[in-house]
Amino acid sequence: MDDLDLTLMRLHGKGYNCSQILLLLALEMTGRENPDLVRAVGGLGNGLGGCGELCGVLTGSACLISYYAGKGANDETSHDRLPLMITELVEWFGTEACAGCAGMRCADILGEGSAGRPDPTRCGGLIASAWSKSLELLQESGIDPTLPPGGHHDW
């Protein structure tokens with residue numbers, strides 16, 4: 001068990017869902033807090049609020065990438081590779097992270113009998129993989145995820 005696994009267990013134990021955990025990882029890495037952001041992405045977790053729909057790990061990862069590369073103020077612009085990063089994330093999620101699953105919905109990943117409840121082992125593995133993939137996509141686009149987003153962009 002590595003540091004990421006321990007952090008995932010700690011955050012899950014505090015009641016955060018998959019989408020929230022991904023943004024909390026970014027916030028912790030940059031030394032920031034943003035309860036409003038964490039609260040907002042809470043509706044994405046567990047397949048859009050426990051509905052079993054599109055996996056919150058995927059939607060949370062898209063939010064994570066946009067957290068760094070999206071427009072957040074009038075004087076900012078989105079990174080020109082933002083759409084490509086999201087496309088690559090979705091393709092990776094469907095072909096690699098969810099390989100062997102019926103689809104990218106929580107119900108497809110966890111099974112119809114999950115009743116919207118996450119499986120800590122399966123979901124934890126997806127979160128860890130998606131976190132790594134998201135960081136990889138950001139770095140390939142020249143974005144340092146250890147630095148807080150916003151401010152002056154060189155893109």
Side-chain angles (χ1 to χ4, degrees), residues 4-5 7-8 11-12 16-110 114 116 118-120 122-155:
L4 179 58
D5 292 330
T7 300
L8 296 178
L11 294 172
H12 175 72
Y16 294 106
N17 69 36
C18 49
S19 300
Q20 291 173 308
I21 289 171
L22 285 159
L23 273 294
L24 282 165
L25 290 171
L27 290 167
E28 285 184 9
M29 187 166 61
T30 59
R32 299 176 107 184
E33 292 183 8
N34 190 333
D36 293 335
L37 174 63
V38 175
R39 205 173 2 268
V41 298
L44 301 175
N46 305 327
L48 298 175
C51 296
E53 292 301 324
L54 192 57
C55 177
V57 175
L58 176 57
T59 56
S61 296
C63 290
L64 169 67
I65 290 170
S66 189
Y67 172 68
Y68 287 99
K71 178 180 177 70
N74 289 341
D75 62 341
E76 292 180 355
T77 58
S78 294
H79 192 287
D80 61 345
R81 288 183 41 91
L82 177 61
L84 180 61
M85 285 187 279
I86 301 295
T87 298
E88 289 179 14
L89 173 73
V90 172
E91 289 173 358
W92 166 85
F93 196 81
T95 59
E96 293 184 42
C98 292
C101 297
M104 294 188 287
R105 296 171 52 244
C106 274
D108 297 331
I109 296 166
L110 298 174
S114 68
D119 174 340
R122 178 74 173 135
C123 297
L126 280 175
I127 293 168
S129 295
W131 170 251
S132 295
K133 184 64 176 179
S134 298
L135 295 182
E136 175 187 312
L137 291 168
L138 289 165
Q139 290 166 340
E140 287 174 356
S141 296
I143 298 170
D144 183 349
T146 64
L147 299 176
H152 302 288
H153 299 299
D154 293 330
W155 52 74

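Just so it is clear, the structure is predicted and the values come from calculations on it, not from any experiment. The residues of the chain are indexed from 1 along the displayed sequence.
Note: R122 CZ to C106 SG = 10.5 Å, rounded to the nearest 0.5 Å. L110 CG to C55 SG: the interatomic distance, rounded to the nearest 0.5 Å, is 7.5 Å. Between atom CE of residue M85 and atom CD1 of residue I143 there is a gap of 4.0 Å, rounded to the nearest 0.5 Å. Taken to the nearest 0.5 Å, the CH2 atom of W92 stands 9.0 Å off from the CG atom of L58. Interatomic distance, NE2 of H79 versus CG of L138, reported as 9.0 Å (0.5 Å rounding). Note that CG of L37 is 4.5 Å distant from CG of L23, once rounded to the nearest 0.5 Å.
Using a 4.5 Å cut-off on side-chain heavy atoms (C-beta onward), E88 and E140 make contact. Taking the side chain as every heavy atom from C-beta outward, C63 and L22 never approach each other to under 4.5 Å. R32 places a side-chain heavy atom less than 4.5 Å from the side chain of P149. You'll find the side chain of L24 stays beyond 4.5 Å of the side chain of T7, heavy atoms only.
Atom CD of E33 has 12 or fewer heavy atoms from other residues, nucleotides or ligands within 6.0 Å. More than 12 heavy atoms of other residues, nucleotides or ligands lie within 6.0 Å of CZ in F93, so this atom counts as buried by the packing criterion.
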task = Could you please spell out the steps behind the side chain to side chain contact (heavy atoms under 4.5 Å, CB included) verdict for V57 and S129?
result = CA-CA 10 Å; V57 175; S129 295; over 6 Å; no

inquiry  = Quick one, L64 with W131, criterion side chain to side chain contact (heavy atoms under 4.5 Å, CB included). Give me CA distance, side-chain angles, the key distance, then yes/no.
reply    = CA-CA 9 Å; L64 169 67; W131 170 251; 3.7 Å; yes

Pair L11-Q20, side chain to side chain contact (heavy atoms under 4.5 Å, CB included): steps then yes or no = CA-CA 9 Å; L11 294 172; Q20 291 173 308; over 6 Å; no

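Using modelled atom types, no side-chain atom of K133 and backbone atom of L135 make a donor-acceptor pair closer than 3.5 Å. For the pair S19 (side chain) and G42 (backbone), a donor-acceptor distance under 3.5 Å is absent. At least one donor-acceptor pair under 3.5 Å links the side chain of K71 to the backbone N or O of E76.
The side-chain contact (heavy atoms from CB on, under 4.5 Å) with Y68 is formed by just one residue from the set D144, L137, T30; it is T30.
Of all heavy-atom pairs spanning P145 and M29, the tightest one is O-CE, 3.0 Å. Contact record, L126 with I109: CD1-CG2, 3.8 Å, taken as the closest heavy-atom pair. When all heavy atoms of A130 and S61 are compared, the pair lying nearest together is CB-OG, 3.2 Å. The two residues S141 and R81 make their nearest non-hydrogen contact at OG-NE, 2.7 Å. The shortest non-hydrogen separation linking I21 to H12 is CD1-N, 3.9 Å. Listed here is the closest heavy atom pair of L82 and S66: CD1-CA, 4.0 Å.
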